[in-house]
There are 2 protein chains.
Amino acid sequence: MDSNKKFLNGTLNTIVLALLRDNGRMYGYEICQKTKEATNNQINLTEGAIYPTLHRLEKEGLLFSTKEKVNGRVRKYYHVNQSSIKEVNSQINLLAQFVGNLRTLLKPSL
Amino acid sequence: MDSNKKFLNGTLNTIVLALLRDNGRMYGYEICQKTKEATNNQINLTEGAIYPTLHRLEKEGLLFSTKEKVNGRVRKYYHVNQSSIKEVNSQINLLAQFVGNLRTLLKPSL
DNA sequence: CACCTATACCTAATTCTGTTATGTATCTTT
DNA sequence: AAAGATACATAACAGAATTAGGTATAGGTG
């Protein structure tokens, strides 16, 4: 389990954008948990990776955040900035394309 | 074209192993060209990346190399070390698994 | 009550790996 | 003769994730 660590490099940014675009608002901790579940513990996003990534994407203007108090704890929800939706879509398309290329290259192994 | 740059991180190692396992011996320059062709210029491996990678994999014992003079120029062919075939297969399987996970996560975008 | 676990955020030091930029050398084409 | 393709190589740099730490609240258990 959790063996996809090294492969994550470079793709994490775009994975986060895709999750937020397709699932609506999410908060950092939730992204880690949902991803873990969805991939049967094979992709285990670390918090040391996810939070800097979210901050970076917000700084770049692709995301914005809203704070909400839930059960006494503050949650920071991230949303895709609709004014950046074209850029977000294009980044996700590039990742989809890359996945396609990987499949092409690994075809004999799939 | 050549827009998959940032995604490559972490996967290059294993891509090289897969190409060598499935296509027999190849040399560095050839790996760059063949990959470019196979992906319609979308994955453009740089020589600054491929040569250190090949050296690293050889140092780790997963590959070995043989030199050959072709048309007056020396080519360095790399081969999968058969005593490491299990390890090589397992690394390739992990990458294949990761690709599957990416597809799961990006499903709404594919 | 004290302790542990889960939830939820954050950052810093380090490591790894690919990019960019060079350099060398031979062969082929113009 | 010059330019471009082939073919190897390395060094400085940048970016991103890992590892490891820290803060804080809520809920359950011995």
- Results of side chain to side chain contact (heavy atoms under 4.5 Å, CB included) for B/Q33 - residues two or more places apart only: B/Y29
- Applying ring pair (Phe, Tyr, Trp, His ring centres under 6.0 Å) to B/Y77 and not counting sequence neighbours gives B/Y27
N/O donor to acceptor pairs below 3.5 angstrom from side-chain atoms of residues 7-14 of chain A, sequence neighbours left out:
residue : atom : partner : partner atom : Å
A/T11   : OG1  : A/L8    : O            : 2.7

- Message: Under the rule for side chain to side chain donor-acceptor pair (under 3.5 Å), what residues qualify as partners of A/S90, not counting sequence neighbours?
- Response: none
- Item | Value in whole Å for how far the C1' atom of C/dT19 lies from CG of A/N9 | 13 Å
- Enter the distance from A/E60:CD to A/N81:CG here, rounded to the nearest 0.5 Å. 12.0 Å
- From CZ of A/R25 across to P of C/dA8 the rounded distance in Å is 12 Å
- Item | Contact pattern, 5' to 3', of nucleotides 21-30 of chain C - B, S or - by protein heavy atom under 4.0 Å | -----BS---
- Hey, could you give me each pair passing salt bridge (Lys or Arg N to Asp or Glu O under 4.0 Å) that has a residue in residues 17-42 of chain B? Not counting sequence neighbours. B/R25-B/E68, B/E30-B/K34
- Members of residues 14-21 of chain A that approach DNA chain C, where some heavy atom sits under 4.0 Å away: none
- Query: Which residues in residues 49-63 of chain A have at least one heavy atom lying under 4.0 Å from any atom of DNA chain C?
  - Reply: A/Y51, A/P52, A/H55
- Note on the structure: Sorted by chain and residue number, the side chain to side chain donor-acceptor pair (under 3.5 Å) partners of A/E58 (sequence neighbours excluded) come out as A/S65
- Item | Nearest heavy atoms of B/L17 and B/V80, plus distance in Å | O-CG2, 4.2 Å
- Euclidean distance, atom NZ of residue B/K6 to atom P of C/dT20 [Å, nearest integer]: 12 Å
- Item | salt bridge (Lys or Arg N to Asp or Glu O under 4.0 Å) contacts in which one or both residues fall within residues 86-110 of chain A, not counting sequence neighbours | none
- Outermost DNA chain D nucleotides near chain A [under 4.0 Å, heavy atoms]: D/dA16 to D/dA26
- Message: Going by side chain to side chain donor-acceptor pair (under 3.5 Å), name the residues that satisfy it together with A/H79, two or more places apart in sequence or in a different chain.
- Response: A/T66
- Message: Rounded to whole Å, how long is the line connecting atom CG of B/N44 with atom C1' of C/dT20?
- Response: 13 Å
